[in-house]
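What follows is one structure encoded as structure tokens, with my remarks underneath.
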Amino acid sequence: MTSYISTQSISSSMRQSILKMQAELAASQTELSTGTYADIGQTLGARTGDSLSLQAQSSLLQTITDTNQTVATRLDTTQTILGSLQSNAQDLLNSLIESNGSNSNAGTIQASGESNLQSLISSLNSTLGGDYIFSGTNTSNQAITDYYGPAAPNKAAVDSAFTAAFGIPQTNAGVSAISASSMQTFLDTAFAPLFQGANWAAGWSSASSQTLTNRIAESQTVDTSVSANHPAFQQLAQAYTMIADLGTQNLSSPAYQTVTTVARNLLTSAISSLTDLQAGVGLVQSDINDATNQMSLQMNILSTQIGNLESVNPYEITTRVTDLQTQIETSYSLTAQLQQLSLVKYL
């Protein structure tokens, strides 16, 4: 029996082999550079699902970790602002205690009240990444209305209440005739409600009482912001406003003492509440730090498990690349020799 094998069929077979080896070489070079299989599904087969599950879990942990970094920055800023507000309140309280009800430095006290009120408004309207951090869930809205802004409703409400109670504006020199008892009644019945409930929402705040919440671990969600509607801020606004804008500088000594006594009580309560707020924020900061560290450990374990599934043996791949390169070069050489064969040379 005689069989005939043409040089054309041999060359065609050789080209197919070269193409296959080139594809294998490209895949092996990819594996050598990445350290992982070029085709996970083809290599792992039924265990591909395990790899995808581990990667999904790792991706989730990484997403939460990234979010935690953003939340931690917001809480750091919040903590700094709370500390500053507490310090300002304590300084004014110290001044009031030192004056012991005397109105000899009423002008200085009134100026401090104005400065502290402006600082409070500015602090509560702080932003981070374009979001108002004290606006609760209403992060796109400014938290507090500027008392010194044009046509401010909170300022208008105080002016209206004062005029209704005493028949004159706060800037009128006639405020010196206001008695201590009249001032106390005004502060309790007309002035204080302006910083509470619906009046607070209408005149002062656009913030939501609902604070932000974030998932800081796979199974842990915490509150991660402080609302400008917290009673501590309402008390600060009330204390600063009464010192800054009730004609303090011109009040009689008894009426002035009435104002400063109420302000001292409000500041004392607000400072205590600010301390509680700082402690609460600190606990959340600690929780986030612990959760992030725990997730980092989990991601390291997952990374090891994924590596055990997907990683290639570099020595094996290097040997394979070298063998394929040698085989391809040999095939090129044989193909060239086949192309030089002809019947004329044979004859």
Side-chain angles (χ1 to χ4, degrees), residues 84-96 99 101 103 105-125 134 142-166 168-172 175 178 180 182-207 228-251 255-271 273-274:
S84 177
L85 292 177
Q86 186 184 45
S87 177
N88 290 343
Q90 187 64 56
D91 289 344
L92 181 56
L93 178 60
N94 292 341
S95 296
L96 293 175
S99 68
N103 61 353
N105 61 342
T108 302
I109 293 294
Q110 183 172 343
S112 296
E114 291 177 359
S115 176
N116 279 17
L117 181 57
Q118 290 170 343
S119 178
L120 173 67
I121 293 169
S122 175
S123 295
L124 294 182
N125 286 333
F134 286 95
Q142 180 174 289
I144 294 295
T145 301
D146 185 359
Y147 189 80
Y148 296 98
N154 43 9
K155 166 66 173 171
V158 170
D159 291 347
S160 178
F162 192 92
T163 301
F166 304 112
I168 55 175
Q170 305 94 302
T171 54
N172 191 297
V175 298
I178 298 174
S182 295
M183 179 59 76
Q184 185 68 62
T185 299
F186 169 72
L187 293 177
D188 293 340
T189 61
F191 185 73
L194 299 179
F195 302 84
Q196 301 166 1
N199 288 330
W200 175 257
W204 288 86
S205 175
S206 297
N229 294 338
H230 193 279
F233 305 131
Q234 295 174 337
Q235 291 174 329
L236 287 179
Q238 184 178 346
Y240 294 156
T241 302
M242 68 171 59
I243 292 174
D245 199 27
L246 294 186
T248 310
Q249 198 168 1
N250 296 317
L251 290 176
Y256 175 81
Q257 189 166 5
T258 297
V259 170
T260 56
T261 298
V262 174
R264 283 169 52 181
N265 292 337
L266 287 168
L267 290 174
T268 300
S269 177
I271 290 169
S273 294
L274 287 174

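Between the OG1 atom of T145 and the CG atom of L124 there is a distance of 11.5 Å, given to the nearest 0.5 Å. Here the CG atom belonging to L117 is positioned 8.5 Å from the CG atom belonging to D146, to the nearest 0.5 angstrom. Separation of atoms CZ (F162) and CD1 (I168) is listed at 5.5 Å; rounding is to 0.5 Å. One distance of note links CG of L96 with CD1 of I109; it measures 5.0 Å at 0.5 Å rounding. With rounding to the nearest 0.5 Å, the separation of CG in L267 from CD in Q86 is 11.5 Å. Taking CG of L236 as the start and CG of L85 as the end, the distance is 6.5 Å to the nearest 0.5 Å.
Proximity of a side-chain donor or acceptor of T241 to a complementary backbone N or O of Q238 within less than 3.5 Å is not detected. A donor-acceptor contact shorter than 3.5 Å links the side chain of N125 to the backbone of I121. Remark: side-chain polar atoms of Q110 are paired, donor with acceptor, to backbone N or O of A244 under 3.5 angstrom. Of the possible polar contacts, none joining the S119 side chain to the S115 backbone as a donor-acceptor pair under 3.5 Å is found. Remark: side-chain polar atoms of D245 are not paired, donor with acceptor, to backbone N or O of V158 under 3.5 angstrom. Judged by distance alone, the side chain of S122 and the main-chain N or O of Q118 form no donor-acceptor pair under 3.5 Å. Side-chain atoms of S273 come within 3.5 Å of backbone atoms of S269 as a donor-acceptor pair (strictly under, hydrogens ignored). No donor-acceptor pair closer than 3.5 Å links the side chain of N229 to the backbone N or O of S205.
Under the rule for a side chain to side chain donor-acceptor pair (under 3.5 Å), S112 has no partner lying at least two apart in sequence or in another chain. For T258, the side chain to side chain donor-acceptor pair (under 3.5 Å) test picks out no residue, with sequence neighbours left out.
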Where do Y240 and Y147 land on the side-chain contact (heavy atoms from CB on, under 4.5 Å) test, with the steps shown first? CA-CA 11 Å; Y240 294 156; Y147 189 80; over 6 Å; no
Does the side-chain contact (heavy atoms from CB on, under 4.5 Å) test come out yes or no for L92 and I243, once each step is laid out? CA-CA 10 Å; L92 181 56; I243 292 174; 3.9 Å; yes
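Side-chain N/O atoms of D159 and Q170 include a donor and acceptor closer than 3.5 Å. For the 3.5 Å distance criterion, the side chains of N105 and S99 fail to qualify, holding no donor opposite an acceptor.
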Which donor-acceptor pairs under 3.5 Å do side chains of residues 187-197 form with protein atoms, sequence neighbours excluded?
{"unit_1": "D188", "atom_1": "OD1", "unit_2": "Q184", "atom_2": "NE2", "d": "3.2"}
{"unit_1": "D188", "atom_1": "OD2", "unit_2": "Q184", "atom_2": "NE2", "d": "3.2"}
{"unit_1": "T189", "atom_1": "OG1", "unit_2": "T185", "atom_2": "O", "d": "2.6"}

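The aromatic rings of W204 and W200 lie parallel to each other, with less than 30° between the two planes, well short of the 60° mark.
Shortest non-hydrogen contact noted between G203 and P153 is O-CG, 3.7 Å. Counting all heavy atoms, side chain and backbone alike, Q142 lies closest to I144 at NE2-O, 3.0 Å. The nearest pair of heavy atoms linking L274 to A232 is CD2-CB, 4.2 Å.
In this structure, the side chains of Y148 and E114 come closer than 4.5 Å at one or more pairs of heavy atoms.
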